[in-house]
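For reference, the structure is listed below as structure tokens.
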Amino acid sequence: MTDFSSDSEKDIQRCSVDKLVRIIDRSPDGSYSFLVGAGVSNPSPADIPLGGDMVEEFKHDIYSEQERDSSLNEWANQYESEHREDESEYGFWFAEAYPNLTARREKISQFVEGADPPLGQMILASMLQQGVVSHVFTPNFDDLLVNASIDLPGRRPLFVDHDARASRIQFPSDRPAIMKVHGDFLHYTKNTDEETSSLNEPIEQAFKKSLQSWGLVVLGYAGWDESIMGVLEETEVSEKGLYWCKLSGHNVNDRVEKLLESKDNAYLVEIEGSEEFFTKILNRSTEDYLPNPEEFVEKAKNTADRIRDLLRNQENVSKRHFLEAMSEDRDYSGEIPDSVDETDELSEVVNLIEKDKNKSAIETLNSIIESTGNPHFAYYYRGLARQSIGEDEKAIRDFDTAIELDTEFTDAYRGRGISKRRIGRHSEALEDLNEAIKLDSEHSATYVGRGRVKRELGELEAAIEDLNEAIKLDPEHSATYVNRGILKRELGELEAAIEDYNEAINLSTEHFAAYFNRGSLRQELGELEAAIEDYNEAIKLDPEDSAAYFNRGSLRQELGELEAAIEDYNEAIKLDPEHSRAYVNRGSLKWELGELEAAIEDYNEAIKLDPEDFAAYVNRGSLKRELGELEAAIEDLNEAIKLDPEDPRPFINRGALMLKDGSVEEAINDFDQAIRFDSQDVSALSGRAEAKIVCGEFEDAYQDARNAKEASKTKKDEFSSLMLVLISKVCLGDETDSLEEEYQSIGKSEFTITWDYSILNNWLDSTNLSRSDERHIEDIIDFHKEHTEG
């Protein structure tokens with residue numbers, strides 16, 4: 001340990017920067033997360049100003065507008081004494097200088113515009129990519145770390161801003177992530193004290209789980225935010241420790257000092273700066289955390305070659321489809337306007353959009369709009385970029401301007417129509433797409449777009465007509481066949497839908513959606529093996545699509561391949577930790593395999609992710625019933641009934657619980673309700689028959705048991721129903737010989753039954769039947785027990 005000289009920090013444990021570097025280097029990958037503040041974004045070439053520098057600028061902005069007879073510092077001190085209460089200096093002055101959210105966002109945009117990641121951020125991004133660092137939390141408003149991750153060759157970490165559901169991250173997780181705890185400046189960012197008083201719930205939970213799972217290194221962060229400090233103070237840090245880095249010669253504030261003193265495994269680390277810290281990691285680590293320059297060049301070359309090929313008229317790819325060819329999920333395919341040369345500026349925009357750097361594309365287009373005399377194409381492309389990131393209202397305004405400048409701009413009408421469809425303005429969308437077709441009736445993508453509008457309006461036949469026209473114009477475009485197949489499936493034309501999926505695959509053997517949709521349809525048609533083959537192909541094409549694993553898992557579950565099905569659900573959950581139905585299905589499999597506690601955990605997680613998941617409540621309630629947790633089971637079934645009061649399953653399960661608890665009338669009411677929804681439900685009929693036996697209504701019990709037997713589709717259901725028929729007949733004093741022969745015959749088959757005999761046993765103990773009838777019924781039940789599990 002290194003001893004620092006600051007008296008105010010004398011009670012805090014110390015750690016040298018060299019030792020911290022060794023700890024990180026020697027720990028298993030993913031043992032540490034980072035919390036990085038403005039100090040990490042300040043070094044050149046980023047030069048993002050620190051909070052103190054921004055405060056001085058805010059003061060100057062207000063001071064310059066005042067009638068004053070004192071210096072800036074004198075005026076600021078007086079202003080604070082009159083207006084500032086408990087706010088932090090940064091939050092107070094930012095709100096005073098820029099009182100509304102839009103103004104603050106625009107100011108932040110000025111600070112970050114054109115900034116490039118410094119070396120430290122590149123090293124940290126590489127550590128994230130390689131899984132050496134598990135997560136990075138940051139209150140910073142810039143995108144430097146995100147951009148560094150995009151620029152590096154390799155897999156990108158998951159990016160989570162305040163609007164994303166941070167609960168998608170599993171703890172522990174093998175998917176590194178960048179979490180912006182105060183949001184992204186282009187959407188919403190927190191700056192004032194009121195805004196930073198708390199974290200959004202998913203972010204806060206992710207931060208807490210991270211602290212409990214991994215060590216934390218705090219770097220370039222002063223510790224003023226109530227939201228972050230509150231979580232650090234109230235959460236127990238993992239045994240790997242908390243390491244708070246401070247600049248040499250500077251002291252931490254009182255709150256940070258108290259935080260570090262209060263935790264047994266918290267340490268203060270003195271550094272010369274964030275760049276020095278990361279350079280030490282780079283130089284002293286046994287790993288190479290940065291790719292060599294040739295890898296950057298190779299990545300850039302591959303991207304440039306791809307764009308060049310797309311812009312050339314390669315087979316099956318024309319200019320008008322160059323964006324669509326990159327991502328067939330996009331709603332648009334943009335033409336390069338005839339009046340525009342394929343300039344370097346345009347190539348730069350296409351490059352940025354292809355790399356999903358739509359924000360950067362928008363910045364480039366802003367410059368083009370300011371400097372070009374006739375910028376209608378720039379408004380058009382900015383509309384496309386905004387459309388791509390979901391800013392459809394802004395996109396519509398750009399398309400509006402493009403159309404004002406060129407009233408026959410076909411692509412702008414199409415783009416505007418698509419954005420209007422996406423925000424629910426369907427009638428206006430149709431008008432725009434009709435106009436686009438009027439101006440250019442030979443463009444297949446416009447018919448595809450109009451077909452989507454008509455489909456969402458429920459006009460399926462008319463939608464198919466548009467897709468037919470699109471296929472006439474471009475018979476080689478596989479995605480259109482997929483879309484038409486979806487429509488035909490919705491109309492019940494299943495064989496015709498299969499033909500369209502087949503054609504899509506003939507045109508492009510790498511069309512994920514074609515295999516996926518054909519597999520789903522084959523699953524519906526009962527062609528299970530063929531459906532699995534389609535999902536296998538889909539997974540080869542996109543091994544990170546959770547839905548394909550989930551669907552294949554459900555097929556394997558249906559085929560009885562339980563372990564293989566669990567593997568698929570595991571993968572689906574790994575790729576999409578919010579896939580609640582995957583947890584439900586996996587829970588059912590674990591239940592079937594006897595892993596009851598693990599099954600409960602899966603149902604718990606499903607309900608946590610989706611508090612309105614009906615099946616999760618039904619299954620968990622049923623399993624708790626089996627575990628003997630009657631009150632908890634009833635609570636789950638009550639919740640399921642609230643969610644869907646017309647499904648018989650929770651009524652049946654609750655009725656069984658009520659019967660076991662001795663509440664016979666309540667049980668009968670539940671079975672009545674279930675039978676009202678499905679008069680052929682064997683479980684409901686059998687449950688009510690048993691309840692009627694218990695309360696002595698033997699004729700009604702016989703009718704229910706007989707109806708259950710007639711409705712049975714399996715040997716074990718028929719066998720159990722027949723047991724209740726026989727008991728009812730014995731109680732009525734009727735002859736049972738022929739029925740018992742049938743009972744004995746069915747009982748020779750091999751099957752396994754789950755049954756709770758305590759209800760009938762308790763009834764027999766209290767009944768007034770003759771001893772011979774009791775023995776007769778005991779024999780009937782004992783024969784039934786021969787097929788009981790365990």
Side-chain angles (χ1 to χ4, degrees), residues 167 553-554 557 562 565-566 569-570 573 578-675 677-678 681-688 690-691 694 716-717 720 752-763 785 788-790:
S167 53
S554 65
Q557 184 173 1
L562 306 190
I566 284 180
Y569 291 138
N570 289 343
I573 289 167
E578 280 196 335
H579 200 316
S580 63
R581 190 44 54 93
Y583 284 102
V584 173
N585 286 13
R586 191 175 70 177
S588 300
L589 287 171
K590 288 179 177 177
W591 183 358
E592 194 167 347
L593 291 169
E595 302 170 15
L596 305 189
E597 294 300 329
I600 288 284
E601 289 177 8
D602 272 345
Y603 295 141
N604 291 344
E605 188 62 28
I607 289 168
K608 177 182 173 184
L609 291 169
D610 183 2
E612 296 187 357
D613 192 318
F614 170 84
Y617 283 107
V618 172
N619 289 8
R620 190 173 73 175
S622 303
L623 180 48
K624 285 179 177 178
R625 169 193 168 192
E626 186 171 315
L627 291 169
E629 301 173 12
L630 302 188
E631 289 186 8
I634 287 175
E635 287 180 9
D636 276 343
L637 297 170
N638 289 343
E639 192 62 34
I641 289 168
K642 287 180 188 176
L643 292 170
D644 188 351
E646 295 189 0
D647 191 296
R649 287 173 293 172
F651 287 102
I652 294 168
N653 287 320
R654 192 174 70 178
L657 285 169
M658 293 294 184
L659 185 58
K660 183 177 180 63
D661 193 46
S663 304
V664 181
E665 289 187 12
E666 289 86 345
I668 290 173
N669 287 337
D670 275 341
F671 293 131
D672 286 344
Q673 195 76 344
I675 292 167
F677 296 130
D678 184 355
D681 191 294
V682 175
S683 296
L685 290 165
S686 295
R688 192 169 69 178
E690 189 173 17
V694 169
K716 63 181 181 180
D717 281 347
S720 295
T752 303
I753 295 170
T754 300
W755 193 275
D756 182 357
Y757 296 99
S758 64
I759 296 165
L760 290 173
N761 289 338
N762 291 337
W763 164 71
K785 287 180 179 178
T788 306
E789 289 180 317

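Since we're looking at a predicted model, the values are computed, not measured.
- Pairing each heavy atom of Gly621 with each of Ala633, the nearest pair is O-CB, 3.2 Å.
- By the side-chain contact (heavy atoms from CB on, under 4.5 Å) test, Ala656 is found to be paired with Arg625, residues two or more places apart in sequence or in another chain being considered.
- Tyr583 has its side chain within reach of Ile573: a pair of non-hydrogen atoms, C-beta onward, lies under 4.5 Å apart.
- Remark: Glu639 pairs with Tyr617, Lys642 by the side-chain contact (heavy atoms from CB on, under 4.5 Å) rule, at least two apart or across chains.
- Distance check, rounded to the nearest 0.5 Å: CG of Leu596 to NZ of Lys590 gives 12.0 Å.
- Counting heavy atoms from C-beta on, the side chains of Asp670 and Ile652 never come closer than 4.5 Å.
- Annotation: side chain of Glu690 is in contact with side chain of Trp755 (closest heavy-atom distance under 4.5 Å).
- To the nearest 0.5 Å, atoms CZ (Phe671) and OG (Ser686) are separated by 9.0 Å.
- Atom CD of Glu665 is separated from atom CG of Asp672 by 11.0 Å, given to the nearest 0.5 angstrom.
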Steps toward side chain to side chain donor-acceptor pair (under 3.5 Å) verdict (Ser588, Asn619): CA-CA 8 Å; Ser588 300; Asn619 289 8; 3.1 Å; yes
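- Asp681 places none of its side-chain heavy atoms less than 4.5 Å from the side chain of Ile675.
- At a threshold of 4.5 Å between non-hydrogen side-chain atoms, the residues Lys624 and Ile600 count as touching.
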Steps toward side chain to side chain contact (heavy atoms under 4.5 Å, CB included) verdict (Tyr603, Leu623): CA-CA 10 Å; Tyr603 295 141; Leu623 180 48; 4.0 Å; yes
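- Residues forming a side-chain contact (heavy atoms from CB on, under 4.5 Å) with Asp610 (at least two apart in sequence, or on another chain): Ser580, Glu612, Asp613.
- With rounding to the nearest 0.5 angstrom, the OG atom of Ser622 is 11.0 Å from the CG atom of Leu627.
- The closest side-chain donor-acceptor pair between Glu626 and Trp591 falls under 3.5 angstrom.
- Considering only heavy atoms from C-beta on, Leu657 comes within 4.5 Å of Leu637 through its side chain.
- Checking Ser758 against Lys660 by side-chain atom types alone, a donor-acceptor pair falls below 3.5 Å.
- The structure places CG of Leu609 at 11.0 Å from NE2 of His579, a figure rounded to the nearest 0.5 Å.
- In this structure, the separation between CD on Glu595 and CD on Glu601 is 10.5 Å, given to the nearest 0.5 Å.
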